[in-house]
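Reviewing the structure listed below.
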Number of protein chains: 2
Amino acid sequence: MTETQNRRRPLNRGRVQAAAVQVADRDGLKGITMRSVADLLGVEAMALYRHVSGKNDLLDSLVEVVVAEINDACDALPAPEDPADWRTNLRRRILTARATLLEHRWAPALISSHGTMGPALMRYFDEFGAILAAGGFTLDTIHHALHAFGPRALGFSPELFEPEAPAVTETDLDEEAALADMAAMAETLPFLARMAEHLSHEASTTLGWCDDQDEFEFGLDVMLDGLEKRLER
Amino acid sequence: MTETQNRRRPLNRGRVQAAAVQVADRDGLKGITMRSVADLLGVEAMALYRHVSGKNDLLDSLVEVVVAEINDACDALPAPEDPADWRTNLRRRILTARATLLEHRWAPALISSHGTMGPALMRYFDEFGAILAAGGFTLDTIHHALHAFGPRALGFSPELFEPEAPAVTETDLDEEAALADMAAMAETLPFLARMAEHLSHEASTTLGWCDDQDEFEFGLDVMLDGLEKRLER
DNA sequence: CGCGCCCCGTTTACAAGGTAAACATGTTTA
DNA sequence: TAAACATGTTTACCTTGTAAACGGGGCGCG
């Protein structure tokens, strides 16, 4: 019966990519394995090599797949009311990209580690730059801005400190140890100690310690403010 | 004779880390292999496991090693003239960190991919935050700023588009093909086409297309400007 | 002094994963 | 219909991380 399905749907690059995306969505980036992707397709690992030249090629192509999705989402946006309002237009585009990425949590890491610039990425940046140009920035400034944004242009910012597996069961936050930590910290890390205390006091206002979306928008707006200052008039 | 040297210098965590750094400096991150590191030490791979709990542990610890180096460099800096001049002080610290990272080109990728927060990193951010605090920022704003800076706080910004192996020999920039590309690009990517042309015209001013250091400082200053605006008075 | 224990590196072995090469089978073309 | 081709399978190999058992030398304790 798997055979019947195989006959029905012959393999092709698109199906391989789609399967890889599915695997990544389920098991994360490390879950992507020639064999795991092949399994999902009911096929042997070596079969994939007819359609991708190797794992690297597959991974690179996944970046393009995701960015293509982003482009689609951006295309679906209503046309900007005021083309000269670069700030609103850029912000909207970036947050749209972010929304798409949130459905593929593994994508940021992939994008960061694969410095390839395919057609989809180019198109994204073409329109990105066009928005800035419409806002009155010079080509030079735009060029710098593209570098300055970095991954933020695509809607994510690499977090230096990601918990990965927080998993602190209630019972194991040992009060005593925590206090000892605090005391030690206050000595060697006076500032962080102050901040930790401050944050724990108002922790109730936000969900968890740091709301990713909030942090992202804060950083984005800082960037936009800084850029605005460079708009010569 | 290797034996003699082994007897002379018994293995320990520090030497393992140092060897790993050396390998990475030479062959890049992917060059770090239990066996390659062991080889460099004149030892078998499994010997490393007495001092490191696994490759992951080794890699994590390398982050700390590098950041410790950064901290040393920052400690060697003369004391700030004006503690309230957060902008100058922060800028100096960040650029010092960057200078250190430039000697370990592999470090940024490592740091980005290992979301661990060891003592060295904590110390770095402790002083980082302290500078902002001395400048008059609220704890909340500082917290946001730390997120907003992200890797830039350590002196690097993830480049979305890294050439990796530029390697365009003079003979193979086929004039004809290049023009065809340009034409095709002007159609589908009008903005990038404009920018490419503009940049190629003034390419002589900077070395190569994009000067990393310049780009970095531009982004940094944009960020600082944006932050300055959030300094409530 | 000698015996046993432990520190530390070695040997051996295996599993996971990428991929080359030969092969089989069905489809298309001459 | 036979040859060429496309597509997936089988086998096999290599690299790399790591578990487990081993060995030997130095040090403390009887």
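Every chain is numbered from 1, with letters handed out A, B, ... down the list of sequences.
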Over how many whole Å does the gap from [X] atom [atom1] to [N] atom [atom2] extend?
| X | N | atom1 | atom2 | answer |
| --- | --- | --- | --- | --- |
| A/D39 | D/dT9 | CG | C1' | 14 Å |
| A/L41 | D/dT9 | CG | P | 10 Å |
| A/L11 | C/dG26 | CG | P | 17 Å |
| A/E44 | D/dT11 | CD | C1' | 11 Å |

* **N-O pairing of B/R13 and B/D57 below 4.0 Å** =>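 B/D57 and B/R13: salt-bridged.
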
* Note down the inter-axis angle between the two ends of the helix from C/dC1-D/dG30 to C/dA30-D/dT1, five pairs each, to the nearest 10°. =>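 The two end axes of the helix from C/dC1-D/dG30 to C/dA30-D/dT1 meet at 10°.
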
* Nearest non-hydrogen partners of B/L110 and B/L59, listed with the distance -> CD1-O, 3.6 Å

* Asked: How does each nucleotide of nucleotides 17-23 of chain D score, in 5' to 3' order, for protein heavy atoms under 4.0 Å: base (B), sugar-phosphate only (S), or none (-)?
  -> BBBB---

* Asked: Looking at A/H51, does any N or O in its side chain come under 4.0 Å of the phosphate oxygens OP1/OP2 on D/dT7?
  ->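 Checking D/dT7 against A/H51, no side-chain N or O comes under 4.0 Å of OP1 or OP2.
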
* Is it true that the NZ or CZ of A/R105 lies under 6.0 Å from the centre of A/F156's six-membered ring and within 45 degrees of the ring axis? ->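 No.
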
* **Check against side chain to side chain contact (heavy atoms under 4.5 Å, CB included), A/R26 and A/L40** => CA-CA 12 Å; A/R26 177 162 42 81; A/L40 191 61; 4.1 Å; yes

* Asked: Does the side chain of A/Q17 come under 3.5 Å of the side chain of A/S61 through a donor N or O and an acceptor N or O?
  ->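 The criterion, which ignores hydrogens and geometry beyond distance, is satisfied for A/S61 and A/Q17.
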
* Just checking, any donor-acceptor pair under 3.5 angstrom between side chains of A/H51 and A/N12? ->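 Not at all, the side chains of A/H51 and A/N12 share no donor-acceptor pair under 3.5 Å.
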
* Asked: Parallel, tilted or perpendicular: which describes the rings of A/F128 and A/Y124, with under 30° parallel and over 60° perpendicular?
  -> tilted

* **A/R91: side-chain contact (heavy atoms from CB on, under 4.5 Å) partners, not counting sequence neighbours** => A/L95, A/E217, A/L220, A/D221, A/L224

